[in-house]
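Taking it in order: structure first as structure tokens, then the write-up.
As the structure lists them, so they are numbered: ligands from 1, and atoms in each ligand from 1.
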Amino acid sequence: MKTLFFGAASLDGYLADKNNSLDWLFQFGEPKDQYIEKFLDTIGALAMGSTTYQWMCDNLPQFGEGNWPYKVPAFVFTSRELKKYRDADITFVKGDVKPVHEQMMKVANGKDIWIVGGGELVGKFYDANLLDQLIIQIVSVTLGGGPALFPRHTKKPLKLESVKRIDQEFVELIYSVR
Ligand SMILES: NC(=O)c1ccc[n+]([C@@H]2O[C@H](COP(=O)([O-])OP(=O)(O)OC[C@H]3O[C@@H](n4cnc5c(N)ncnc54)[C@H](OP(=O)(O)O)[C@@H]3O)[C@@H](O)[C@H]2O)c1
């Protein structure tokens, strides 16, 4: 049962552009061979920050009312009152990531825990020694700025577990946190 980040980053290390847009990523469409679906099958719970959640609400109308894309319990970090998708298993949480991680472990049914992002939230799990792995799809695009993939100075080097080409535009890097 691992706690991991899985997500795409530009070649220069950003999760979104300076306007929080993901157009640079979605221009390529979904990776082949049910890459995302196979990953989602391994996940028992997920967590994200409110910017990421808000981006989904605002930009993915196909995920609108009743169409929340995830089947597993989702935890959204926010200090505000946010609108909740109807029929979605979403819990709004705030503050320390440790008690939230304990809650996630209880509901994940032995499957992995996905920290969706952004990078600062992934960093909070890393700071608390709760992050086991980073699965990053490096996209063949540079952005010149935006929210950083993983804004931390790693205390020890990450361990490179695998490098794999995915389609024409992505390289998947898997790192474990020692
Ligand atoms: N390329 C990818 O795979 C990928 C993956 C994930 C995200 N993204 C994109 O990257 C961008 C990330 O945005 P972001 O860096 O702003 O990060 P974010 O983590 O999505 O949102 C940050 C916000 O979440 C809330 N929050 C975070 N931790 C909290 C805590 N412990 N307690 C209470 N509230 C907390 C705070 O807002 P409030 O308290 O004001 O609500 C904070 O400003 C988004 O545009 C997203 O769409 C891309």
Side-chain angles (χ1 to χ4, degrees), residues 3-31 35-40 42-43 45-64 68-70 72-85 88 90-104 112-131 133-152 164 166-167 169-175:
T3 299
L4 52 89
F5 167 78
F6 172 96
S10 65
L11 189 53
D12 51 348
Y14 299 106
L15 288 180
D17 74 13
K18 289 172 188 162
N19 303 314
N20 272 328
S21 168
L22 293 178
D23 291 351
W24 56 276
L25 173 61
F26 288 128
Q27 66 179 312
F28 299 114
E30 290 244 331
Y35 177 77
I36 306 286
E37 290 78 1
K38 283 178 189 163
F39 165 72
L40 289 176
T42 67
I43 293 306
L46 61 89
M48 66 179 69
S50 65
T51 310
T52 302
Y53 177 74
Q54 206 73 60
W55 185 92
M56 292 182 65
C57 298
D58 295 344
N59 292 280
L60 301 178
Q62 69 270 35
F63 294 159
W68 175 246
Y70 304 119
V72 300
F75 295 78
V76 175
F77 280 85
T78 185
S79 56
R80 296 170 291 142
E81 295 263 324
L82 296 180
K83 188 173 169 250
K84 190 162 155 177
Y85 278 80
I90 296 172
T91 306
F92 292 110
V93 292
K94 63 182 165 193
D96 191 354
V97 298
K98 271 189 188 165
V100 177
H101 187 260
E102 279 165 22
Q103 249 182 295
M104 295 177 83
D112 291 344
I113 289 174
W114 179 21
I115 313 305
V116 182
E120 182 55 35
L121 186 63
V122 178
K124 291 264 164 51
F125 282 83
Y126 172 81
D127 296 341
N129 286 320
L130 295 171
L131 190 70
Q133 200 175 55
L134 298 160
I135 304 178
I136 304 161
Q137 301 85 38
I138 299 289
V139 184
S140 310
V141 168
T142 56
L143 297 172
L149 163 65
F150 186 49
R152 285 296 182 278
K164 191 163 86 185
I166 300 182
D167 303 344
E169 293 83 13
F170 306 103
V171 178
E172 181 199 71
L173 302 176
I174 301 186
Y175 290 98

Carefully, step by step, assess Phe5 and Tyr126 under the rule ring pair (Phe, Tyr, Trp, His ring centres under 6.0 Å).
CA-CA 10 Å; Phe5 167 78; Tyr126 172 81; over 10 Å; no
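If you number the atoms of ligand 1 from 1 as listed, the ones under 4.0 Å from a heavy atom of Gly7 come out as 3 (O). Within ligand 1, counting atoms from 1 as listed, the ones closer than 4.0 Å to a heavy atom of Trp55 are 47 (O). The atoms of ligand 1 that sit less than 4.0 Å from any heavy atom of Gly49 are 18 (P), 19 (O), 20 (O), 21 (O), 24 (O). Counting the atoms of ligand 1 from 1 in the order shown, those under 4.0 Å from a heavy atom of Val116 are 5 (C), 6 (C). Interface atoms of ligand 1 facing Ser79, defined by a heavy-atom separation under 4.0 Å, are 33 (C), 34 (N), 38 (P), 39 (O), 40 (O), 41 (O).
The protein heavy atom nearest to atom 48 (C) of ligand 1 is Leu15 O, 3.3 Å. The nearest heavy-atom contact from the protein to atom 44 (C) of ligand 1 is Asn20 OD1, 3.7 Å. In this structure, atom 31 (N) of ligand 1 lies nearest to the protein heavy atom Gly95 O, 2.9 Å. Among all non-hydrogen protein atoms, the one lying nearest atom 18 (P) of ligand 1 is Gly118 N, 3.4 Å. Residue, atom and distance of the protein heavy atom nearest to atom 46 (C) of ligand 1 are Thr52 OG1, 3.5 Å. The protein atom (non-hydrogen) at minimum distance from atom 40 (O) of ligand 1 is Arg80 NE, 3.0 Å. Looking only at heavy atoms of the protein, atom 41 (O) of ligand 1 is closest to Thr78 OG1, 2.5 Å.
Relative orientation of the Phe6 and Phe39 rings is parallel, given thresholds of 30° and 60° on the angle between their planes. Ring orientation note: the planes of Trp55 and Phe26 are close to parallel, at an angle under 30° on the 30°/60° scale.
The two residues His101 and Thr3 make their nearest non-hydrogen contact at NE2-OG1, 2.8 Å. Closest non-hydrogen pair, Trp24 versus Asp17, comes out as NE1-N, 3.7 Å. Heavy-atom minimum distance, Val97 versus Ala128: CG2-CB, 4.0 Å. Looking at every heavy atom in both residues, Thr52 comes nearest to Gly118 through OG1-N, 3.6 Å.
With respect to Asp96 and Lys124, no salt bridge is recorded, no charged nitrogen being found less than 4.0 Å from a carboxylate O.
Contact of the Phe92 side chain with the Leu82 side chain is registered, since non-hydrogen atoms from C-beta on lie closer than 4.5 Å.
Distance screen at 4.0 Å: atom 13 (O) of ligand 1 has a protein heavy-atom neighbour inside the cut-off.
One option in Pro147, Ser50, Gly119, Ala8 has a heavy atom closer to atom 36 (C) of ligand 1 than any other, and that option is Ser50. Considering Thr51, Leu22, Leu121, Ile115 only, the shortest heavy-atom separation from atom 16 (O) of ligand 1 involves Thr51. In this comparison of Lys94, Glu81, Met56, the heavy atom closest to atom 33 (C) of ligand 1 sits on Lys94.
Looking at Thr78, its side chain does come within 3.5 Å of a backbone N or O of Arg80 through a donor-acceptor pair.
Residue Phe77 touches ligand 1 through backbone and side chain together, judged by heavy-atom distances below 4.0 Å.
Between the side chains of Ser10 and Asp12, at least one donor N or O lies within less than 3.5 Å of an accepting N or O.
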